[in-house]
S.K.: 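Let me give you the structure first, and then I'll get to my questions.
Naming convention: chains lettered A, B, ... in sequence-line order (proteins, then strands); numbering from 1 in each chain. Predicted, not measured: the structure shown is a model, and the values here were computed from it.
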Amino acid sequence: MLNAAVRDALASAVGPRNVLSDPVQLRSYECDGLTGFRQVPSLVLLPLDTESVAAAVRVCHEHEIPFVARGAGTGLSGGAMPVADGIVISLQRLRQVLEVDPVDRRAVLQPGVTNLDITRAAAPHGLYYAPDPSSQQVCTIGGNVAENSGGAHCLKYGFTTNHVLSMRVVLPDGEVVTLGGDTGEQLGPDLRGVFIGSEGTLGIVCEITVRLLRVPQTVRTLLADFPSVRAAGEVVSDLVAAGIVPAAVEMMDNLAIQAAEKAVGAGYTLDTPAALVVELDGPASECGSQFEQVKQICDRHGCTRLHIAGDTGERAKIWMGRKAAFAAVGRISPDYIVQDGVVPRTRLAEVLGRIEDMGTAAGLRVANVFHAGDGNLHPLVLFDEDAGELERAEELSKDIAELCVELGGSLSGEHGIGTDKACSMPRMFGVDDLATMDRVRSAFDARKLCNPGKLLPTPRLCGERPGRYRPHPLEEAGVIERL
Amino acid sequence: MTTTMLAPTDLKGAHEALADTKGTVSIRGAGTAEGWAGAPLPTAAVLDTTRLTGVLTYNPSDMTVSVRAGTPLAELQRELAANGQRLAFDAARVARGATVGGLVATADSGPLALAYGSLRDLVIGATVVLADGTMARTGGHVIKNVAGYDLAKLLHGSYGGFALLAEIVLRLHPVPGASRTVALDCALDAAAERAATVLGSALEPVCLEWADGTLLIRLEGTSEGTEDRSRELAELVGGAVLGDDAGAAAWKRHAELVGRAAVRVGCRPSRLAGLLGRFGDTAVAGLGTGIGTTSLPLDEVGAVHDAVTTEGGMSVTRRRPPDGVRAWGRPPSAIRLLTAVKKELDPLGRLSPGRFESWFAELDDKEGTP
C-alpha cells in the first residue's frame with residue numbers, strides 16, 4: 001500500500017488536482033479492453049506534461065512503487081491492467097497535436113492524441129497517418145507506440161514502428177531521453193525500435209514524432225464472395241504471386257458475415273461461405289490495371305459475386321461490415337473471446353481447417369475474421385458463460401494461439417502479449433530467448449517497476465486464472481470494436 | 001599478441017566461437033565497412049562471418065527468407081530474383097559484397113529507403129549470439145508479429161557491439177514490373193525545390209536523390225503506369241526520362257559517389273540541402289529521406305559533426321579520420337541507457353571494442369584479455 005508520504009510526493013509531482021483516489025473513480029481504471037483481467041489501482045495520476053510524468057516516475061523509482069502507463073484503455077491483451085499496490089499514470093490529458101510539418105511531412109504529438117486525430121490534423125495538407133487500428137477513433141498514439149499497432153492497411157504500409165521517427169521517453173528511473181531522431185534511419189543502435197511494441201514495460205512515451213504520408217491518388221475497393229474459405233485463400237496467394245501488394249486484404253467466413261450483416265446490413269451475402277475485401281491504392285494509372293488483375297484472379301477461383309465500391313460511401317459501407325464483425329458476434333453468441341495469432345500466409349487454409357476441427361471437438365463455434373494478406377487471424381471463439389462454457393472456450397482460444405506458433409507463426413499480430421498471453425510465451429520462445437529479453441528489460445528498468453508482470457511470463461501470473469469476460473464500457477457505448 | 005581467427009559456418013559454430021573463448025572479439029563480415037565509425041581496437045580474436053552463409057528457408061509464397069548473416073546480399077538477391085522477388089534494399093556497398101549481417105549491423109541504406117525504409121524495417125526476425133554464447137531468437141518468420149521485444153532493431157546499427165547476428169529473417173517484395181528514372185542536371189538547392197514539388201505530387205517516387213549535380217528520381221510499378229508517370233514527372237521537374245542503360249549508369253555513378261564518401265549525415269529532409277551545401281564538396285543527398293553523404297578532407301570532418309549537431313541531426317564517418325578527429329558526431333541523448341544495454345548484453349565488453357569510440361568508456365577497463 002502507498003503510505004501518506006508517497007501519496008503526498010506523487011500529488012506534488014503531478015499537482016494535487018490531477019490525482020484520483022476515490023474508489024469509484026479508481027474502479028474505471030481496473031482493466032483495459034481485455035475485461036476478464038481486473039485489478040483496482042491504488043492511485044491514478046493524470047499528469048499534464050512530460051516533466052510531471054518524469055517527477056511521478058522518479059517518486060515511484062525511489063519508493064519502489066510499480067506503475068502502469070495507460071492511454072485510452074482499448075488494448076486487448078491486459079497490457080494496461082493495473083498492478084496490485086501500484087499506480088496508474090494516465091496520459092489522457094496529454095492530448096495536444098504539437099506540430100504538423102507539411103514540408104517534412106511529420107507531426108509531433110502528445111501521447112493522448114487519438115490515432116484518428118493525427119490524420120484529422122494532417123488532412124488539410126493532403127497528408128495522413130498510415131497505421132489504422134480499428135479502434136482508431138479512441139485509441140491513442142501513446143498506446144499505439146506501446147503495442148506497435150497495425151491495422152487493416154499495415155500489409156502495404158507497415159506498423160507503428162515503421163512510422164515513428166522519434167520519441168521523448170521517461171525511462172523507468174525518471175530520466176527523460178530522446179529515442180530516434182529526425183530521419184527514419186538511425187546511424188547507431190535503434191533503441192526506438194526496441195521501445196516500440198514493448199507494451200509499456202520499458203518506459204512512458206510522452207512525445208512522439210511520426211511520419212505522415214501523402215493521401216493516395218486513388219483507392220479501389222471490392223467485396224468478393226467465394227464458395228469456400230479455401231478458394232478465397234487461393235485468391236490471396238495468387239495476388240501475391242502476381243506481384244500485387246494490396247493496401248488491404250481481409251477475409252470473413254460465413255459465421256462472421258452473418259453476424260456483421262445482422263448488425264449493420266452492409267450488403268454482404270448472407271449465405272456465402274467466405275468473402276474477401278480487397279483494396280488497392282496509389283497512382284490512378286497503377287491502380288486501374290492491377291484492379292483488373294484482381295478481378296480476373298477472383299473470377300478464376302469461382303467468385304460467385306463481385307461488388308465494386310462505386311464511391312467513397314460504398315467503400316465505407318464495405319469497411320463498416322468488416323469492422324462491425326467483432327461487436328456483431330455478440331448478436332449470435334452471448335459471449336466470445338478474440339484471438340490474434342499469425343500464421344505464414346501459405347498455412348492459412350490449413351490453420352482454418354484445424355481451427356474448425358478443434359472447435360467441433362470442443363463443441364464450440366468459431367467465427368473467423370482476419371487480415372488475410374499478412375496471415376493475422378482473429379478467430380472469435382463463441383460460448384455461453386451461463387452454460388458453463390467459459391473454461392472450454394479459454395482452453396480452445398489458447399490452443400488456437402499456440403497452434404499458430406506450431407505452424408511457424410506468432411502468438412500475436414497486433415494485440416500484444418500483455419497479461420493475456422504471457423504464459424504462452426514459452427511456446428514461442430525458448431528459455432534463453434526470454435532470458436535475453438529480460439536482460440534488455442533490466443537495462444531499461446533495473447527495479448522492474450514499469451508495468452511488471454506483462455509480456456514476459458512470471459510464475460505468479462501463470463498460476464492465476466482470469467475472471468469472466470464482461471463488455472468494456474466503451475464497447476457497450478459502441479465506441480470501440482474488438483478487432 | 002596473436003589474434004585467434006574464428007570462422008563459424010553455422011549457428012552452433014557461432015555459439016561455440018563465443019561460448020568457448022575468452023577475451024575481446026571483433027566481428028567482421030566482408031570488410032566493406034571496416035573504415036566506418038570508430039576504429040576497431042585490437043582484439044584477442046576476430047570472428048569472421050564470411051563462411052556463415054546460405055539460405056536457410058525460402059518459401060516464395062510467404063515472401064520471407066531466412067539466411068545466415070554472412071551471406072552476401074548480392075548473392076541472395078540473385079536467388080530471389082529468380083522468383084520475381086527482392087529485398088527492397090539497395091545500399092551502395094551491396095555490389096562490393098557486403099553481407100546481410102554487416103548491412104544490418106552498420107545501419108546502412110540506399111535510395112530505396114524512401115519507399116521501403118532501411119533494413120530495420122525489413123528484418124522480421126533474427127537469431128543472435130551474445131558475448132557469453134547465449135543464443136537468442138527474436139521476431140519470427142511472419143511479417144506481422146508483436147510477440148516479445150524486437151531485438152533485431154536494437155542490433156541495427158550496433159556495429160557488432162551488442163551481439164553477433166547469426167541468422168536473419170527478411171521480408172521480401174515483388175520485383176516491380178517496370179522501373180524508370182527521370183534525371184535533371186541542377187544545383188543542390190534547385191534540386192531541393194524540385195524534390196518538394198515531387199513529394200507533394202501523387203507520383204509516388206521510390207527514390208529521390210541528388211548525386212553531385214544530377215537529380216535522380218525513380219518510379220516503379222506496372223509497365224504502363226510507370227511510363228505514364230515518368231513522362232508526367234519529367235514534365236513536372238523539367239527533366240528527361242532516361243532509357244534503361246542510362247538509368248542504370250546514373251544509379252551506378254550514384255553508388256560510386258556514396259562509396260567514396262567521408263561522412264554520412266542525417267537530418268530533417270528540408271534542411272539537408274542547406275547543410276551539405278555548406279561544405280561545397282562532392283555530395284549525395286536523399287532529399288526525401290534526409291540522409292546524405294559528403295566527401296571532404298577527413299581532417300575537416302569535425303566541422304560537419306558540429307554543423308549537423310546544430311541542425312539536430314546525426315553524423316558518422318565512413319572513412320577513418322586522423323587521430324584527434326571524432327568518428328561519431330553528437331552521442332545520442334540516451335547514452336546512459338545504451339551503456340546499460342551494452343552492460344546487460346556484454347558485461348565484460350568483449351564485443352567489437354572501439355566502434356563507438358568513448359560511448360561505452362566505463363566498460364573499457366574490463367576489456368582486454370582475461
S.K.: Just verifying a value: how many Å separate B:D121 CG and A:N162 CG, rounded to the nearest 0.5 Å?
M.R.: 4.5 Å
S.K.: Side chain, backbone, both or neither: which part of B:P269 has a heavy atom under 4.5 Å from chain A?
M.R.: both
S.K.: Measure B:M135 against the heavy atoms of chain A and call it side chain, backbone, both or neither at under 4.5 Å.
M.R.: backbone
S.K.: What part of B:T339 is in contact with chain A, defined as an atom under 4.5 angstrom from a non-hydrogen atom: side chain, backbone, both or neither?
M.R.: neither
S.K.: Heavy-atom distances under 4.5 Å only: say whether B:L130 touches chain A with side chain, backbone, both or neither.
M.R.: side chain
S.K.: B:P331, B:A105, B:S109, B:S201: which one forms the most heavy-atom pairs within less than 4.5 Å of chain A?
M.R.: B:S201
S.K.: With only heavy atoms counted, which part of A:S237 is less than 4.5 Å from chain B, the side chain, the backbone, both or neither?
M.R.: neither
S.K.: Non-hydrogen atoms of chain A under 4.5 Å away: do they reach the side chain of B:N83, the backbone, both or neither?
M.R.: neither
S.K.: Could you check if a side-chain atom of B:E224 sits within less than 4.5 angstrom of a side-chain atom of A:S289, using non-hydrogen atoms only?
M.R.: no
S.K.: Identify which part of A:E147 has an atom lying under 4.5 Å from any heavy atom of chain B, answering side chain, backbone, both or neither.
M.R.: backbone
S.K.: Among the options B:G200, B:A163, B:G329, B:P332, pick out the one with the most heavy-atom pairs lying under 4.5 Å from chain A.
M.R.: B:G200
S.K.: Which bit of A:M425 comes within less than 4.5 Å of chain B, counting heavy atoms only: side chain, backbone, both or neither?
M.R.: side chain
S.K.: Under a 4.5 Å heavy-atom cut-off, does chain A meet the side chain of B:T289, its backbone, both or neither?
M.R.: backbone
S.K.: Examine whether an atom of B:Y116 lies under 4.5 Å from a heavy atom of chain A, and if so say whether it belongs to the side chain, the backbone or both; otherwise answer neither.
M.R.: neither
S.K.: Check whether B:D228 gets within reach of chain A through its side chain, its backbone, both or neither, counting any heavy atom under 4.5 Å.
M.R.: side chain
S.K.: Which region of B:R171, side chain (C-beta onward) or backbone (N, CA, C, O), has a non-hydrogen atom less than 4.5 Å from a non-hydrogen atom of chain A, or is it both or neither?
M.R.: side chain
S.K.: Given heavy-atom pairs under 4.5 angstrom as the criterion, report whether the side chain, backbone, both or neither of B:E311 touches chain A.
M.R.: backbone
S.K.: Given a strict heavy-atom distance threshold of 4.5 Å, which part of B:A196 is in contact with chain A: side chain, backbone, both, or neither?
M.R.: neither
S.K.: Against chain B, label A:F429 side chain, backbone, both or neither, depending on which of its atoms sit under 4.5 Å from a heavy atom there.
M.R.: both
S.K.: Which answer fits B:E204, side chain, backbone, both or neither, if we ask what part of it has an atom under 4.5 Å from a heavy atom of chain A?
M.R.: side chain
S.K.: If you measure from NZ on B:K144 to CG on A:N148, what distance do you get to the nearest 0.5 Å?
M.R.: 10.5 Å
S.K.: Check whether B:R264 gets within reach of chain A through its side chain, its backbone, both or neither, counting any heavy atom under 4.5 Å.
M.R.: both
S.K.: Heavy-atom distance under 4.5 Å to chain B: side chain of A:R214, backbone, both or neither?
M.R.: side chain
S.K.: Can you tell which part of A:L202 gets under 4.5 Å to a heavy atom of chain B, answering side chain, backbone, both or neither?
M.R.: side chain
S.K.: Below 4.5 Å from any heavy atom of chain A, which atoms of B:A334 appear? Answer side chain, backbone, both or neither.
M.R.: both
